[in-house]
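Have a look at the structure below before the remarks.
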Amino acid sequence: MLIDSHCHLDFEAFDADRQQVIESCQQKNIRGFMVPAVAPRFWPRQLQLASQYPQVALALGLHPWYVSETAIESLRDLAEIFDRSPVPVLAIGETGLDKLKGNPELQLEGLKYQLSVAQELDKPVILHSVKTHARLQNILRDYPGVRGVVHGFSGSYEDAMRFIDIGFKLGIGGLITRPNARKIRAAASRLPLHSMVLETDAPDMSPYDHRGARNSPENLLLILNCLAELQQQDPEQIQRAVLANTRELFAWPPSV
Ligand SMILES: [Zn+2]
C-alpha cells in the first residue's frame, strides 16, 4: 500500500472527477491521502472532503503564499478544531517560507504562530521551503520537539541532512523524475531510507512525462519507481520504508 503524503484533492481541479481519481488510486494500491491546507477559508472544504472519504486525512494551516492579516487572525481557531474535529486532522500546515512569493513579514508571523501550536499540541508540521532552508532551520531550532516534513523537497543532500538532524523528514515528489533536477536526484539517491515520504503535490508538480497535464495522486507510482532506481533498491523495499515513515510521521494510517 502507498500513501500520498501531500496532495490537494480538495482543489477545484478535482471537482469533475474526484471519485474516479480516488477509485483509480485504489486500483494502484494508493490508499491514503494527506490533504494539507493552503488557507483557513478553505478548511471547511477540506473537512467536508475528509468526512466523505475515509482515505483522506488533513493538515490545517496557512500556506506562505496565502498569508494576510485576516488569514493569520483565523489561525486562532486552529487548536480548537483539532480538539473537536470528527475527521482525522493530524498535522499543521502547510506553512513555511518562500523567498519568491508572498509577504515575508506575514509569512514569518504565520509560521511562528503555527509552530507554537504544533509545539503545544504535539502535532507534526508540513513545511514549504523555497530558497529558505537555512533560515527555516534556524527558526525551527527555537521550537524544540517540533517535528514534521519538508514537503516537495528541492535542496541538496547537506540541506536534507540538516533537516533530518532537527527531526524532519523529506517529502520526495515529482521533481526527482526530471533529468535536469541534478541536485535533488543526487540527494534522493543517498538519503537514508528512514528519512523520506512520497508525495505528488497534485494538482501541481507534474512528473517529467506528464508536464503540462494536471498532476494526480495516481502518479505516485512513478515517483516510487524513480526513487527505487535512484537508490538502486527494490521498489517493494522503498514502498515498505516510506509507508512506515508516513505512519511514524502522522500516526496514520492505522495498520491493518
Ligand atoms: Zn502543497
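As a basis for the values below, the full set of heavy atoms in this structure was taken, side chains included, without hydrogen atoms, waters or symmetry mates. First listed ligand is number 1; within each ligand, the first listed atom is number 1. Position 1 is the first residue of the sequence, and the numbers go up from there.
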Per side chain to side chain contact (heavy atoms under 4.5 Å, CB included), Phe153 is matched among Leu170, Leu175, Ile176, Val197 by Leu170
Return the name of the atom in Glu94, of element N, O or S, nearest to the Zn ion (ligand 1). OE2
Using 2.8 Å as a strict upper limit, say whether an N, O or S atom of Asp201 approaches the Zn ion (ligand 1) that closely. yes
Just checking, is any N or O donor in the side chain of Asn219 or Ser216 under 3.5 Å from an acceptor N or O on the other one? no
Donor-acceptor pair between His63 and Gln107 side chains, under 3.5 angstrom: no
Short N/O/S contact of His8 with the Zn ion (ligand 1) (below 2.8 Å): yes
With a cut-off of 2.8 Å, does His128 place any N/O/S atom under that distance from the Zn ion (ligand 1)? no
For the side chain of Glu109 and the backbone of Glu69, is there at least one donor-acceptor N/O pair under 3.5 Å apart? no
